[in-house]
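Below is one structure, written out as structure tokens; comments come after it.
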Amino acid sequence: MKEQPPSAGSKKDNRNFFRQTWVEVDKSDFHFNLKKIKEYLKKDTKILAVIKSNGYGHGGVELAKEAVKAGVYGIAVSSVEEGIQFRKAGIKTNLLVFGVPYPIDNLSVAVYWDLIPTLSNLHEIQYLATLAKRLSKVLEFHLKIDTGMGRIGVSPQDAYNILQKISEMPEIKMAGIYTHFAVADTDASYTQNQLDIFHDITKYAKNLGLKFIAHVANTAALISNKKTHLDMVRPGIALYGLTPFDHAHKMLKLKPVLSWKTRIINLKRVSAGFCVSYGRTFVTNKASVIATLPVGYADGYSRVLSNKGDVLVRGKRCPIAGRITMDSMMIDVTGIKGVSIGDEVVLIGTQGKEQIKAEELAKLQNTINYEVTCSISMRVPRIVV
Ligand SMILES: *Cc1c(COP(=O)(O)O)cnc(C)c1O
């Protein structure tokens, strides 16, 4: 006979996981950020909420549902897969796919799931037109112009010819036209040049009689230059309460949506000269208390933070002791009054008066806050609070 195993978490806190590492996503903070962004815009400027890459690691489906509730124009995803995931979850708003439709029959998949593709060459445009004729349906797309990002998009030279052709294809509708900035956070004159190129192209498109939504602004542009707002803006990082450059928070006050937490699962009192973890890179210089946490680089907590990062225990900063391992890491909790097994530990977020921001970890890792939250691996449960 088998005994019924214990359930992973109590029903009350809705934590159906066993291993004590989880991400909390605060949906009221998400709504707060959306509201702040809205207030920053002119009344009729639309918002395309960028909830790509699993919502920058926050959990895409849940936040997409919240964005729909808030009444955004639509949501942007990275790929057809992400679009399908949102459709299957019952999300009914406009879904724009940022990624290139390669291979080309990805366009059929996008159309089947009612996703709006981004197109950037004649081959893709003709393929969509053929599909539209076959389905006897007008199919929508957005045209991407590469005004200086150098990633994807029609080159400005080719844009005029392509727009001319689009204007002669009634079976497809260019619902939007857009470009992406390379240095919206650091170089106003390069950004202005990108914007000028874009304006020339959209002017030409309007003269052809095309009607579309023009959009260019990511968070950095949205915050730093209101002339980039146009018909619609595309905030990503701001939705999550993070900022693309240091002083951005002075211009738009936002609340970080994500907290990453764990618990102390092991505690030991050791004497001076005790070595911690692989490579013995951490050696105690006095009697110390070392705690073990069930989170490691396989969870996306970068190994680069070994002996560098801090975590919060009982409202106090505690340093990481030794190398971060795949599934666990150690911290030095010497001097933390009352420290116990089971104590909640904050990796990102606030506890008492202390706060660890994604930006802090990003600096230590020599990267950006975007990568910190995107790297939190899929095995870490996301809980909406
Ligand atoms: C990711 C992305 C955005 C959002 O950028 P943030 O800096 O997160 O605001 C906007 N537009 C495009 C095309 C993107 O790829």
Side-chain angles (χ1 to χ4, degrees), residues 2-27 53-63 85 240 256-268 276-279 282 289-333 336 338-351 354 356-358 360-361 364-365 371-385:
K2 273 188 180 169
E3 216 178 282
Q4 189 67 24
S7 60
S10 71
K11 280 230 164 63
K12 199 166 126 271
D13 58 12
N14 189 28
R15 284 178 190 169
N16 57 344
F17 52 86
F18 295 98
R19 198 169 65 109
Q20 297 297 301
T21 300
W22 69 98
V23 157
E24 287 176 12
V25 174
D26 190 323
K27 64 179 176 187
S53 306
N54 195 30
Y56 291 41
H58 290 59
V61 168
E62 296 306 323
L63 291 183
Q85 186 200 20
Y240 311 99
V257 168
L258 176 145
S259 308
W260 189 359
K261 298 179 177 177
T262 182
R263 284 186 199 283
I264 293 178
I265 55 162
N266 187 287
L267 205 56
K268 48 186 163 288
V276 178
S277 197
Y278 293 120
F282 182 94
V289 187
I290 302 294
T292 304
L293 309 175
V295 53
Y297 60 76
D299 298 295
Y301 195 90
S302 175
R303 188 172 170 278
V304 172
L305 296 166
S306 299
N307 290 311
K308 279 191 191 163
D310 283 344
V311 303
L312 305 179
V313 182
R314 296 192 173 236
K316 298 246 156 52
R317 280 179 175 263
C318 299
I320 290 167
R323 289 206 183 130
I324 290 159
T325 73
M326 189 181 293
D327 302 315
S328 50
M329 62 195 216
M330 277 60 79
I331 55 173
D332 185 348
V333 291
I336 304 294
V339 65
S340 308
I341 288 180
D343 278 0
E344 189 169 286
V345 178
V346 169
L347 306 176
I348 297 176
T350 55
Q351 195 184 57
E354 281 287 354
I356 293 176
K357 292 186 173 180
E360 173 180 335
L361 300 188
L364 292 170
Q365 288 169 234
E371 192 181 355
V372 170
T373 60
C374 283
S375 299
I376 301 173
S377 68
M378 294 304 280
R379 79 175 190 184
V380 179
R382 269 70 167 175
I383 299 167
V384 179
V385 294

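Source: prediction; values computed, not measured.
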Taking C-beta and beyond as the side chain, do [X] and [Y] meet within less than 4.5 Å on heavy atoms?
| X | Y | answer |
| --- | --- | --- |
| Thr373 | Tyr240 | no |
| Asn307 | Phe282 | yes |
| Arg19 | Arg379 | yes |
| Ile356 | Leu312 | yes |
| Thr262 | Asp299 | no |
| Tyr301 | Ile320 | yes |
| Val346 | Glu354 | no |
| Thr325 | Ser277 | yes |

Heavy-atom pair with the smallest gap, counting every atom of [X] and [Y]:
| X | Y | answer |
| --- | --- | --- |
| Cys318 | Val333 | SG-CG1, 4.0 Å |
| Lys308 | Leu364 | NZ-O, 3.7 Å |
| Gln365 | Ser302 | NE2-CB, 3.3 Å |
| Asp310 | Arg317 | OD2-NH1, 3.1 Å |

Exercise. Should Glu24 and Lys261 count as an ion pair when the cut-off is N to O under 4.0 Å?
Worked result: yes
Exercise. Are the side chain of Arg314 and the backbone N or O of Gly338 linked by a donor-acceptor pair below 3.5 Å?
Worked result: yes
Exercise. Any donor-acceptor pair under 3.5 Å linking the side chain of Ser328 with the backbone of Gly296?
Worked result: no
Exercise. Could you walk me through whether Glu62 and Val25 pass the side chain to side chain contact (heavy atoms under 4.5 Å, CB included) check?
Worked result: CA-CA 9 Å; Glu62 296 306 323; Val25 174; over 6 Å; no
For this session: Can you spot which of Met330, Arg303, Met329 makes a side-chain contact (heavy atoms from CB on, under 4.5 Å) with Arg323?
Result: Arg303
Problem set entry | Residue pair Val345, Gln351: steps toward the side chain to side chain contact (heavy atoms under 4.5 Å, CB included) verdict | CA-CA 9 Å; Val345 178; Gln351 195 184 57; 5.9 Å; no
